Amino acid sequence: MDSYRVPAGRSAWPVSTLLGRLEAQTAARLIGAGRRRMIGAGELLLRQGGQERTLVLLLSGVAKVFATTESGHQALLAVRVGGDCVGEMGALDGAPRSATVTACGPMELAVLTHASLDAQLARTPGLAVELSRTIADRLRWANRRRLDFGGYPVKVRLARLLTELAREHGSPGPDGVRLAFPLTQPELAALTGAAETTVHKALRDMRTAGLVETGYGAAVLRDPGRLEELAEHGS
């Protein structure tokens, strides 16, 4: 496979992502073991129920992870950004894909076969540790969401979600902290386990209070400190 030059200092990838955690040489070997692709907005990375055993590394861009229930309802489960991986569970255990992953815009990917991933894991014990940490982090994140659903009002759940997303994927600026990707109100409703109308009201209240600014799928946390206070204490 071709080699891949990791951006200087690995600063191109958030430290919360798999590639952002890896040593530069380990990240380069992992990416170089895959087949690189460029895809456009709306294109599929993975399909729910798919049987292929591949790991997809996101080198740039943003992807959304959806699952469809038996009734046909589609729920947004997570957002993944450059530096993240998707498909790790299926690549490891061979089970059918549990979710669909689509590109929000242009993306660069590196796709590793099961055999290539196994070879990298055998060669680099540190990779296995960081991949395990990534899976553990995602399990904890899902558990927090489930606990939030039953334990907090919608406005607090929304504040907790926005605060967490901004902490991991936000860009500070003069007007506040801007999320690195667009999220619609239906998607925010799915991520908080709330009705869309209730999320709409919660966002309206937050805008009135000067906590957030939303529009055209973008979100800016105008007052991250007060929003975090709401997330932690409900007031």
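Given the structure is predicted, the values throughout are model-derived calculations rather than measurements.
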Please determine if Arg133 and Glu130 form a salt bridge, counting it only when a charged side-chain N lies under 4.0 Å from a carboxylate O.
yes
For Glu108, does its backbone N or O pair with a side-chain atom of Ser60 as donor and acceptor, under 3.5 Å?
yes
Counting neighbours of CZ on Arg47 that are heavy atoms of other residues, nucleotides or ligands and sit closer than 6.0 Å, is the number greater than 12?
no
Determine, step by step, whether Leu162 and Leu211 satisfy the side-chain contact (heavy atoms from CB on, under 4.5 Å) criterion, reporting the C-alpha distance in whole Å, the side-chain angles of both residues, the deciding distance to 0.1 Å, and the verdict.
CA-CA 11 Å; Leu162 291 174; Leu211 299 179; over 6 Å; no
Applying salt bridge (Lys or Arg N to Asp or Glu O under 4.0 Å), which residue pairs with at least one partner in residues 57-81 are found, sequence neighbours left out?
Lys64-Glu187
Given the rule that I, L, V, M, F, W and Y join up when any side-chain heavy atoms are under 4.5 Å apart, are Leu44 and Val111 in one cluster?
no
Given Met206, which of Thr214, Leu221, Asp223, Val212 fulfils the side chain to side chain contact (heavy atoms under 4.5 Å, CB included) condition?
Val212
Arg157 side-chain N/O to Gly193 backbone N/O, donor-acceptor pair under 3.5 Å
yes
Presence of salt bridge, Lys201 and Asp205, under 4.0 angstrom
yes
Between NE2 of His169 and OG of Ser16, what distance do you get to the nearest 0.5 Å?
5.0 Å
Return yes if some donor-acceptor pair links the side-chain N/O of Arg53 with the main-chain N/O of Leu92 below 3.5 Å, else return no.
yes
Are side-chain N/O atoms of Arg140 and Asn143 paired as donor and acceptor at under 3.5 Å?
no
From CG (Leu121) to CG (Leu117), nearest 0.5 Å:
4.5 Å
Given 3.5 Å as the limit, does a donor-acceptor pair link the side chain of Gln48 with the main chain of Thr68, or not?
yes
Going by side chain to side chain donor-acceptor pair (under 3.5 Å), name the residues that satisfy it together with Thr134, two or more places apart in sequence or in a different chain.
Arg21
